[in-house]
Student: 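There's a structure below that I have some questions on.
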Amino acid sequence: MSNAAPLLQVRNLRVEFPTRRGTLVALDDVSFEIAPGEVLGVVGESGAGKSMTGAAIIGLLEPPGRIAGGQILLDGRRIDNLRYEEMRRIRGKEIGAIFQDPLTTLNPLYTVGRQLAETMTTHLPIGPAEARRRAIEWLELVGIPAAAQRIDSYPHEFSGGMRQRVVIALALCAEPRLIVADEPTTALDVSIQAQVIALLKRLAREKGTAMMLVTHDMGVIAETADRVAVMYAGRIVEIGPVREVVKHANHPYSAGLMASIPPLDRRVERLAQIDGAMPRLSAIPEGCAYNPRCPQVFEKCRRQRPELMDAATTRAACWLFDTETDRE
Amino acid sequence: MFAFILSRILQALPVMFTVALISFAMFAYVGDPVAIMLGQDYTQAQRDALVAELGLDQPFWVQFATFVVNAAQGEFGLSYRLSRPVAELIAERAPATLELAFTAAGIALLVGVPMGVYTGLYRNSWLSRFFLTFSLVGVSLPTFLIGILLILVFAVWLGWLPSFGRGDTVRIGFWTTGFLTVSGLKALILPAITLGLFQLTLIMRLVRAEMLEVLRTDYIKFARARGLPNRVVHFGHALKNTLVPVITMVGLQLGAIIAFAIVTETVFQWPGMGLLFIQSVGAADIPVMSAYLLLIALVFVTINLIVDLLYYAVDPRLRIGRGKGGH
Ligand SMILES: Nc1ncnc2c1ncn2[C@@H]1O[C@H](COP(=O)(O)OP(=O)(O)OP(=O)(O)O)[C@@H](O)[C@H]1O
Ligand code: SF4
Ligand SMILES: [Mg+2]
């Protein structure tokens with residue numbers, strides 16, 4: 001899968017927030033690729049920049065946030081510098097989005113059928129009647145019972161899980177090739193999270209849709225993702241195949257993050273925790289951003305910032321893997 | 001639906017009854033209508049006869065009961081001042097006030113809503129700033145001053161528009177309208193702007209605040225993420241979600257416009273109910289005053305009902321008892 005030409009390329013992406021007390025760098029030198037049909041899991045502590053990355057890709061950064069450097073390419077075509085109207089045609093049509101909270105992502109005043117139909121007629125060369133027929137089809141596809149009757153219902157007439165299924169239908173209905181799913185199950189009841197993820201995974205596979213899946217749930221990552229990117233303080237610190245990152249993480253931060261997952265097969269007395277907290281954007285330490293918390297920190301970490309480099313089976317931004325660095 | 005309307009009407013009855021009681025009680029002991037009607041010279045016998053004819057010798061509750069029963073039939077007796085049936089006087093004056101009020105409300109809506117949307121969308125443009133500054137003027141200047149300023153500029157200096165009256169009117173059945181003649185339309189412009197300016201600025205500020213709020217919501221972000229055109233996002237998804245508070249206020253303000261047309265009608269000598277009311281106050285013309293107050297209360301109650309029905313139309317979450325999934 002990884003030798004196919006990439007669908008999405010993010011190159012050295014830098015996102016800044018100008019504030020009164022100087023410029024905050026929310027994303028710094030973020031680079032990754034997603035191949036057609038591939039699922040890239042994105043993990044990391046709260047505030048690491050996962051949502052920001054997704055927002056930059058769909059071109060909906062909240063002002064005053066702005067892309068200050070780097071490029072985003074879809075099928076080799078730059079999309080980070082498009083005018084609003086050009087990017088609008090790509091949103092929904094080429095890149096779909098799924099947000100976290102299904103209770104707030106649907107417009108309460110329009111029926112789900114209307115919201116589906118308007119999305120399709122915006123992007124596809126079909127009329128209202130055909131759009132309505134397909135809307136029913138999509139509701140069936142995402143597992144809404146009695147879809148033909150429910151199409152004229154309003155969002156508040158559905159449960160949270162059902163609403164997220166509608167959101168998934170909305171994200172997929174114009175058949176985009178990439179979905180940016182930002183914590184699609186976090187707001188749902190634990191008992192239905194698995195069903196919704198399974199649905200998303202199945203549809204993505206059937207339609208050949210690639211996905212950037214942001215989540216805090218390592219179980220979901222292990223089950224769904226092909227590759228995983230671990231983010232810390234606005235950077236990717238490790239990226240690699242899912243089995244390697246989950247089982248044999250190289251970067252000390254990813255290793256700590258994975259150790260904090262409860263194992264499925266046995267009970268543990270106390271989960272390993274990473275001590276300390278991620279720095280605020282205004283106080284990112286010099287050198288490796290993780291150095292104040294890192295158990296393996298050494299002199300060079302405090303002076304120089306590591307870039308992503310080959311580390312056995314993954315790529316990690318850590319001086320431990322620099323062959324030219326002596327650890328004093 | 002029918003049950004909903006019926007329950008609203010039942011709820012409105014106590015309100016109307018209270019207003020009737022207050023207006024009747026307030027005016028029952030104000031001034032001496034008999035003296036006004038009889039003029040300077042009268043005998044005690046003439047006075048007693050008139051008191052009996054007007055029912056003023058009856059106890060308070062009997063007078064009130066008679067008043068309510070008659071009022072329910074649109075019967076408010078004779079004006080003390082003009083010696084003509086009050087219902088007839090009001091029917092004569094109502095079209096002028098209603099045409100003025102609805103034109104003012106129409107201007108306030110048709111100009112205020114787009115201005116509110118614009119200032120909400122383009123918060124920092126110089127035009128938005130200009131609108132906001134201008135709206136401060138609209139909110140803070142008293143109505144009569146705006147009226148006088150408009151008269152000064154457009155009637156006295158420029159001579160474009162008349163400064164008083166209603167122009168020529170056309171009679172259609174019981175209704176007299178100024179909409180069908182050039183002079184009638186010209187005469188309507190200044191008073192309608194005067195009357196509607198305050199509401200226009202209120203609506204603009206409310207729509208702006210609501211738009212700013214709604215544009216931050218997830219469903220608007222999601223609508224953008226679905227690639228819907230800006231026109232659809234702003235004027236469909238966003239504007240519709242600002243409507244419930246806007247309808248509430250427009251409803252209340254329409255009542256206020258009709259009630260407070262008094263000032264504008266006085267400034268422009270507009271032959272409407274407000275002017276009639278002011279003239280009646282001067283003459284302690286109780287039947288006209290009570291009828292006017294009751295009518296205003298009725299207008300408020302009716303508007304409230306319409307507002308409730310509009311909520312129902314706009315927001316599906318308020319439709320109680322609707323079966324799941326349509327038909
Ligand atoms: N308007 C803003 N101004 C300044 N900083 C901001 C703004 N919005 C977000 N940030 C910062 O950008 C960083 C990245 O935020 P982001 O929402 O991408 O985090 P995340 O990884 O998605 O976290 P979570 O898991 O909590 O969703 C955070 O540190 C946040 O504080
Ligand atoms: S570079 Fe140094 S501080 Fe940073 S993760 Fe690697 S060892 Fe730890
Ligand atoms: Mg997030």
Side-chain angles (χ1 to χ4, degrees), chain A residues 54-55 58-60 62-63 84-85 87-116 118-123 144-158 167 170-171 173-174 176 179-180 182 187, chain B residues 113 117 119-125 128 207 210-248 307 309-327:
Chain A
I58 59 176
L60 288 180
E62 296 266 344
Y84 185 90
E85 179 59 19
M87 191 59 202
R88 175 188 75 72
R89 288 171 204 278
I90 291 176
R91 280 196 291 271
K93 175 91 184 81
E94 310 280 340
I95 309 178
I98 298 172
F99 292 171
Q100 180 170 338
D101 188 353
L103 299 187
T104 56
T105 23
L106 296 169
N107 188 333
L109 303 187
Y110 289 142
T111 64
V112 298
R114 176 176 171 159
Q115 298 187 51
L116 275 162
E118 73 181 351
T119 310
M120 286 186 275
T121 50
T122 299
H123 296 298
I144 305 269
Q149 282 94 60
R150 303 287 271 154
I151 186 164
D152 293 317
S153 300
Y154 290 91
H156 73 275
E157 296 171 284
F158 292 87
V167 171
L170 277 165
C173 66
I179 294 279
V180 175
D182 192 351
Chain B
V113 170
V117 172
T119 51
L121 288 176
Y122 307 101
R123 259 188 299 177
N124 298 317
S125 79
S128 294
V207 171
E210 290 294 324
M211 279 297 278
L212 288 177
E213 182 93 22
V214 168
L215 286 174
R216 275 198 298 268
T217 61
D218 283 349
Y219 56 82
I220 293 301
K221 281 183 209 146
F222 191 55
R224 291 194 200 284
R226 285 189 279 143
L228 302 183
N230 269 342
R231 181 179 39 81
V232 175
V233 175
H234 296 157
F235 292 95
H237 290 254
L239 186 58
K240 190 165 186 196
N241 274 282
T242 68
L243 279 187
V244 166
V246 171
I247 287 171
T248 314
V307 163
L309 289 175
L310 281 177
Y311 280 176
Y312 195 86
V314 166
D315 196 334
R317 287 164 297 183
L318 303 175
R319 287 171 213 164
I320 25 162
R322 182 175 178 274
K324 288 263 171 202
H327 327 282

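Proteins get letters first, then strands, A, B, ... in listed order; numbering begins at 1 in each. On a predicted model such as this, the values are computed, not experimentally measured, just so you know.
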Student: Quick check for you: to the nearest 0.5 Å, what is the distance between T122(A) atom OG1 and L228(B) atom CG?
Tutor: 5.0 Å
Student: Determine the option with the most heavy-atom pairs under 4.5 angstrom with chain B, choosing from K93(A), H123(A), E85(A).
Tutor: H123(A)
Student: Measure distances from I151(A) to the heavy atoms of chain B and classify the residue's part below 4.5 Å as side chain, backbone, both or neither.
Tutor: neither
Student: Which pair of non-hydrogen atoms, one from F222(B) and one from A97(A), has the smallest distance, and what is that distance?
Tutor: CE1-O, 3.1 Å
Student: Quick one: of I58(A), I95(A), L106(A), T111(A), who has the most non-hydrogen atom pairs under 4.5 Å with chain B?
Tutor: L106(A)
Student: Once rounded to the nearest 0.5 Å, what's the spacing between atom CG of D218(B) and atom CD of Q100(A)?
Tutor: 9.0 Å
Student: Below 4.5 Å, heavy-atom pairs only: which of A171(A), G92(A), P108(A), G96(A) has the largest tally toward chain B?
Tutor: P108(A)
Student: Can you tell if the side chain of T104(A) reaches within under 4.5 Å of the side chain of T217(B), non-hydrogen atoms only?
Tutor: no
Student: Please name the pair of heavy atoms, one in N107(A) and one in Y219(B), separated by the smallest distance, quoted to 0.1 Å.
Tutor: N-CB, 3.7 Å
Student: Taking side chain as everything from C-beta outward and backbone as N, CA, C, O, which of these in V232(B) sits under 4.5 Å from a heavy atom of chain A? Side chain, backbone, both or neither.
Tutor: side chain
Student: Side chain from CB out, backbone as N, CA, C, O: work out which of these in V180(A) comes under 4.5 Å of a heavy atom of chain B, or both, or neither.
Tutor: neither
Student: Q115(A), M87(A), R89(A): which one forms the most heavy-atom pairs within less than 4.5 Å of chain B?
Tutor: Q115(A)
Student: Flag the one option from V167(A), L170(A), D101(A), I90(A) with the top tally of heavy-atom pairs under 4.5 Å to chain B.
Tutor: L170(A)
Student: Does any heavy atom of chain B fall under 4.5 Å from the side chain of E62(A), the backbone, both, or neither of them?
Tutor: side chain
Student: Is any side-chain heavy atom of L60(A) closer than 4.5 Å to one of K221(B)?
Tutor: no
Student: Could you pull out all residues at least two apart from Y110(A) that satisfy ring pair (Phe, Tyr, Trp, His ring centres under 6.0 Å)?
Tutor: H237(B)
Student: Just by modelled atom types, is the R224(B) backbone N or O under 3.5 Å from a matching donor or acceptor in the R91(A) side chain?
Tutor: yes
